[in-house]
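Let me begin by presenting the structure, written as structure tokens, before commenting on it.
Everything numeric here is computed off the predicted structure, so don't read it as measured data. Chain A is the first sequence line, chain B the second, and so forth, proteins listed ahead of strands; every chain is numbered from 1.
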Protein chains: 2
Amino acid sequence: MTETKRNEIVDQVKKLYLEFGIKSVTMDDVAHKLGISKKTLYEHFTDKKQLVWSVLECLTNTPNSVLTANMPKNMNALEELLHYYSLQLEMIQNHKPGFIYDLKKYYPRFFEHFNKLKRTRFITQVRNNLIKGKAEGLFRSDLDEEIITRLTLMRMECIMTTDIFLDADISNIKIFNEIFRFHLFGIVSEKGRKLLEKNNDKFIA
Amino acid sequence: MTETKRNEIVDQVKKLYLEFGIKSVTMDDVAHKLGISKKTLYEHFTDKKQLVWSVLECLTNTPNSVLTANMPKNMNALEELLHYYSLQLEMIQNHKPGFIYDLKKYYPRFFEHFNKLKRTRFITQVRNNLIKGKAEGLFRSDLDEEIITRLTLMRMECIMTTDIFLDADISNIKIFNEIFRFHLFGIVSEKGRKLLEKNNDKFIA
DNA sequence: CAAAAACTTTTTATATGTAAATAGTTTATT
DNA sequence: AATAAACTATTTACATATAAAAAGTTTTTG
């Protein structure tokens, strides 16, 4: 009945959904695994839809993820970017295709809603960083924020679905580091580049 | 009966397929539009499959496209890249989603075959260019050809299908120029960068 | 002989039905 | 009072049927 009980259910179900997908985790499964009866389960959630929705809400509000990151105030745009990339790497590694697949198939409205939310937040983060970097003189003054932002989002979404890297047997980490460097050099100004080189160990692992 | 007659049919049908897709262009349509009878048409092609195949072959062998580009010998890696990008831009603008959609749906084997071919050629071109650029000292010596090549291919494929740019109303040309610059700066070495700056008007329009 | 039309066969899209799986509800049990 | 089990109602997946469209063939006509 308590709010915490509900939250705990959501938290547990989240794990199940992420591991096995949404379809194959039945309400019976949930009840069994959590050691509660379906009756109790249905006292907290009117139907499965609501449960799925709650899990999605929970996921989007995970503190300090790519989507909710609060940057420490004293960072410059390059440091922010580094921080942001580590969150992205984490996101990619936690990414479960089966979960997304089921979501798209059985709850398309939900998928669209949360995907839009994800995009909006991502775009805001990236765009702000670009603007900041330009203001600090660390990024090229001639770059088009709108385009680069969208390219970055596109790359992020594609990298999670493409089969292009499959046959090459390259680790996500290696790919991601290469992207990071490629991205960095792609946007920095001369001043930014000098700063990069000065902190070589930090940025260009 | 002549080889040229056949080629002409293929050439015309190619245009029809690219404009209207494959499914909606029936064999009757083809006969009508080309002013020939189906009987004649079926004397040149045993069935529609063969016609589709011929069109695909024709497309992949278009001289001096992205897939068949022969680089002039006296170019350095940067000039090559510039040349290659203009071919890519052309490719994107000629790209017809409806055609690809039908191909994927009704001739999945064909799609796979030609897509694989496309990827192989594309990868070869890009990789060779990267290797050349490194050898010339124009590109960063630390970049990983395999990853950057695949990233480039991925970006190319994604840009043709993504909806991320739709709401922004940015022209393909603008997007492509930005990508080109982003890409250039992402891979050049200091020497390469100096060369870029010297030829600013040529590379960074 | 080649185009046009008429014709047959095959493919595609759509609809319907059915069985299995799962959601959601009620009853029994501790 | 909450779980477990039994039950009903939906949903989903899969199979089959049917009609329209298009492929492919034959006949007619200029």
Output the rounded distance in Å from [atom1] ([X]) to [atom2] ([N]).
| X | N | atom1 | atom2 | value |
| --- | --- | --- | --- | --- |
| Tyr42(A) | dC7(D) | OH | C1' | 14 Å |
| Ile22(A) | dT11(D) | CD1 | C1' | 16 Å |
| Lys5(A) | dA2(D) | NZ | C1' | 11 Å |
| Asp28(A) | dA6(D) | CG | P | 12 Å |
| Met27(A) | dA9(D) | CE | C1' | 15 Å |
| Leu51(B) | dA22(D) | CG | C1' | 14 Å |
| Asp47(A) | dT22(C) | CG | P | 17 Å |
| Leu41(A) | dG24(C) | CG | C1' | 10 Å |

For Ser37(A) and Lys105(A), take the nucleotide of DNA chain D holding the closest heavy atom to each; which residue's nucleotide lies nearer the 5' end?
Ser37(A)
Residue met sooner reading DNA chain D from 5', once Lys23(A) and Ile36(A) are mapped to nucleotides
Ile36(A)
What contact category does [X] fall into here, base, sugar-phosphate, or nothing, at under 4.0 angstrom with non-hydrogen atoms?
| X | answer |
| --- | --- |
| Lys38(B) | base |
| Lys49(B) | nothing |
| Lys48(B) | sugar-phosphate |

Quick check on DNA chain C: between Tyr106(B) and Thr40(B), whose nearest nucleotide comes earlier from the 5' end?
Thr40(B)
Between Ser54(B) and Arg6(B), is there a side-chain donor-acceptor contact under 3.5 Å, judged purely by atom types and distance?
yes
Just by distance, no angles: are the side chains of Glu136(B) and Asn76(B) close enough, under 3.5 Å, to form a donor-acceptor pair?
no
If you compare all heavy atoms of Val126(A) against all heavy atoms of Tyr84(A), which two are closest, and at what distance to 0.1 Å?
CG2-CE2, 4.1 Å
Looking only at side-chain N and O atoms, does Lys39(A) come under 4.0 Å of OP1 or OP2 in dA6(D)?
no
Non-hydrogen side-chain atoms of Val25(B) and Lys33(B) separated by less than 4.5 Å
no
Would you please test Phe45(B) and Trp53(B) for ring pair (Phe, Tyr, Trp, His ring centres under 6.0 Å) and show each step?
CA-CA 10 Å; Phe45(B) 305 91; Trp53(B) 178 271; over 10 Å; no
